[in-house]
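Note that the structure is a prediction, hence the values are computed from the model and not measured.
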Number of protein chains: 2
Amino acid sequence: MKDVAKELNVSVVTVSKVLRGHSDIGPETRERVLRRVQELGYRPNLAARGLVTGRSHMVGVVVPELKHAFFGEIAAAVGSRIRRGGYRMLIASSEEGRDLEIESIEALLAHQVDGLIIASTLTEADRGVFRRIEKHNVPYVLVDRDIPGLKANFVGVDDEAIGTIATEHLIQRGNRRVAHIRGPETSTSIGRLRGYMNTMARHGLTVPGGYVAKVEHSDVEAVAGGFQAMQRLLAMDLRPDAVFCHNDLVAIGALRAILSLGMRVPADVALIGVANSRYVDLLTVPLSSIDQNATQIGDRAAKLLLRRIEMGSKPRPARILVPVKLIVRDSSAIPITEEQLHEVGELREATA
Amino acid sequence: MKDVAKELNVSVVTVSKVLRGHSDIGPETRERVLRRVQELGYRPNLAARGLVTGRSHMVGVVVPELKHAFFGEIAAAVGSRIRRGGYRMLIASSEEGRDLEIESIEALLAHQVDGLIIASTLTEADRGVFRRIEKHNVPYVLVDRDIPGLKANFVGVDDEAIGTIATEHLIQRGNRRVAHIRGPETSTSIGRLRGYMNTMARHGLTVPGGYVAKVEHSDVEAVAGGFQAMQRLLAMDLRPDAVFCHNDLVAIGALRAILSLGMRVPADVALIGVANSRYVDLLTVPLSSIDQNATQIGDRAAKLLLRRIEMGSKPRPARILVPVKLIVRDSSAIPITEEQLHEVGELREATA
DNA sequence: TTGAAAGCGTTACCAA
DNA sequence: TTGGTAACGCTTTCAA
């Protein structure tokens, strides 16, 4: 910048102003500066600018697992949205670990991010971290996993609604012995469980002991976890005829367990997962699932954060729930009713 | 920092030194400073530090699609590796677009990243961008896709080897009419094609006109592309009995096309893809694939970049090819030979 | 062992 | 419309 200024016999202030599109600059001066800057391919040092403006134009993003498609999609949506506002993403993975998540947040703050988007694995006990963030006056938005007892901006899905929709769907298709394979102790898993329980109760259906199986990991080991949980369910006297699974991986494990015992899906046991992951429509038995709309979560979270950053003031936390979508495939296809069978029979007779 | 210094009646310099573990500091002073810093939860402003030291401790990462599992995995590996060196990831998605990629690189440079890792969609014609990077004295490493004619650090797989291994495998299992569905004009796609061609030639097998079909997109639309390409191949007089597909998505499209015509995989047509994506082992027909080892690509690239950053000097570009792995599943399972059938027959007779 | 002064590249403020 | 000066929060250098 100094160089440009010297060459053109203007001050650095003038150059700075031109670069920021400041109004009171002579049109001729502006031209000269612009041209030279263009030629040199000069770009202002954003770190230096940030030091004086207090704006780094970086947003910190913390996810539990970047290689997880769901979080990758959220990050992609966040990146796309904030880029249009002139921001970039400083991203960190907590690898599902408490300490690493805290350390990541601290590091991003040290890098002077203007805001944070966090898919947290923390609990209410860790609220200290969020106090720290607030002390830095950095707005933040929680995505996917909410932290009970923390008043913070949140964008995610209504997990209870997921539980309700999935369970309702299974009941609608005629199942009565509906079991649930739940995930670990996160708001996500607890919400889905609640939706399941409430829906069962509303329909006057009992949930026999053992009908809520649990897998300890919702990630890599979830397939194995789902497999084992399903085996336990199938070993019960009162075998379930449908299972709402915490996510698609669990459902895939469950599917394998069922098929490996020579039973059929959905004839013997119907199955539904959550996430609507890529490829689940291509499984041996195409899997019904509930789409969580990761792109919309990321987009809304970014929009909200940008608004908070640009506001300065601190209004009461927003809570945004994006709609989910039930995707019915073979694993929970609506069975053909007797009436329909009759109709087919009549049709056959008629055409014969 | 000023506050800490004033409170303790020492200078900011002293505090700064303590924080960086500088040697010549009185043990008692160090204690006092450390304690107070701890209490306040103070962390130095990395942007300000960077302004002085010329090191931002940020690495820029540019990928074509963050939501793509392959790049997510690379990014995860990069993040994990550089974190241990005290670096963070400033990440940008080019969304497979030339202009956006260039703009992203420029922006990351403006943010003063210490190094760049780029999965590029650019061609030799865009070498100007890389000159720019070099002018900034920022080391960079290309991953996955190399740019012909550009002498740069590169970490990726040997795409020609992929083509060779896949084709060789199909030939080994007895196929002679081996076709290829190739991808768009990238180094990746071209390398795989070359491997295919050379291997066919080495075995004295001809590649009839039309045996190399092409899909224009390797991403979202690849399934549809693979489907159509496969339909064309199946409509030929001399129908292929095996197809090496550019990637798993293409292979899935091809699989659908085959099954939808009532043909079987691998009995009528054997299939192999590339990427070994999650879930491909769970398809109607479990898909053979070649694993590209994204984690290792990311890890090696990050290691290389860190070394270059810490070196200062600029040695000649490194070129690292990580090993790939053939994963044989049902879609190209080794067929049972007549001899083996006889053996089974004899066995039966013996046991009878 | 400690600290005063200078400076990193930029913008804010105010005067010319 | 233009620019001088101070300041952002830190590190480097060098003198005490």
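Atom NE2 in B:His57 sits 14.5 Å away from atom CG in B:Leu90 (nearest 0.5 Å).
Between the CD1 atom of A:Ile25 and the C1' atom of C:dT11 there is a distance of 13 Å, given to the nearest Å. Rounded to a whole Å, the NZ atom of B:Lys2 is 9 Å from the C1' atom of D:dC8. Note: NZ (A:Lys17) to C1' (D:dG3) measures 7 Å, nearest angstrom. Note: CZ (B:Arg30) to C1' (C:dT2) measures 13 Å, nearest angstrom. One atom, CG of B:Leu19, and another, P of D:dG9, lie 15 Å apart when rounded to the nearest Å. Separating the NE2 atom of A:His57 from the P atom of C:dG9 is a distance of 20 Å, rounded to the nearest angstrom. If you measure from atom CG of A:Asn9 to atom P of D:dG4, you get 11 Å, rounded to the nearest angstrom. Atoms CG (B:Leu51) and C1' (D:dT11) sit 10 Å apart, rounded to a whole Å.
Residue contacts shown for B:Asn45 are limited to sugar-phosphate atoms, with no base heavy atom under 4.0 Å away.
Donor-acceptor pairing under 3.5 Å is lacking for the side chains of B:Thr121 and B:Glu96. Between A:Glu65 and A:Ser93, the side chains place no donor N or O within less than 3.5 Å of an acceptor N or O (distance only, hydrogens not considered).
Candidate nucleotides D:dT2, C:dT10, C:dG3 were compared by shortest atom distance to the side chain of B:Val13, and C:dG3 ranks first.
Between D:dT2 and A:Thr29, a contact under 4.0 Å exists linking OP1 or OP2 to a side-chain N or O. In terms of phosphate contacts, A:Arg49 brings no side-chain nitrogen or oxygen within less than 4.0 Å of OP1 or OP2 of C:dG9. Between A:Ser11 and D:dT2, a side-chain N or O to OP1/OP2 separation shorter than 4.0 Å is absent. Phosphate proximity of D:dT11 to B:Ser16: present, with a side-chain N or O under 4.0 Å from OP1 or OP2. Under 4.0 angstrom from either OP1 or OP2 of C:dT2 there lies no side-chain N or O belonging to B:Thr14. At the phosphate of D:dC10, OP1 or OP2 sits under 4.0 Å from a side-chain N or O atom of B:Tyr42. Side-chain nitrogen and oxygen atoms of A:Arg20 include at least one within less than 4.0 Å of the OP1 or OP2 phosphate oxygen of C:dA12.
Ranked by how close their nearest DNA chain D nucleotide is to the 5' end, B:His22 and B:Pro44 are led by B:Pro44. Ranked by how close their nearest DNA chain C nucleotide is to the 5' end, B:Ala48 and A:Thr53 are led by B:Ala48.
Of the possible donor and acceptor atoms, one in the side chain of B:Asn153 sits under 3.5 Å from a partner among the backbone N and O of B:Tyr140.
Heavy atoms only, all atoms of each residue included: A:Arg308 and A:Arg316 are closest at NH2-O, 3.5 Å. Across A:Glu101 and A:Ser120, no two heavy atoms sit closer than the pair OE2-OG, 2.5 Å.
Salt bridge status for B:Glu103 with A:Arg43: present, with a side-chain N to carboxylate O gap under 4.0 Å.
Between the two ends of the helix from C:dT1-D:dA16 to C:dA16-D:dT1, each summarised by a five-pair axis, the helix axis turns through 40° (rounded to 10 degrees).
A:Gln38 CD: 12 or fewer foreign heavy atoms inside a 6.0 Å radius.
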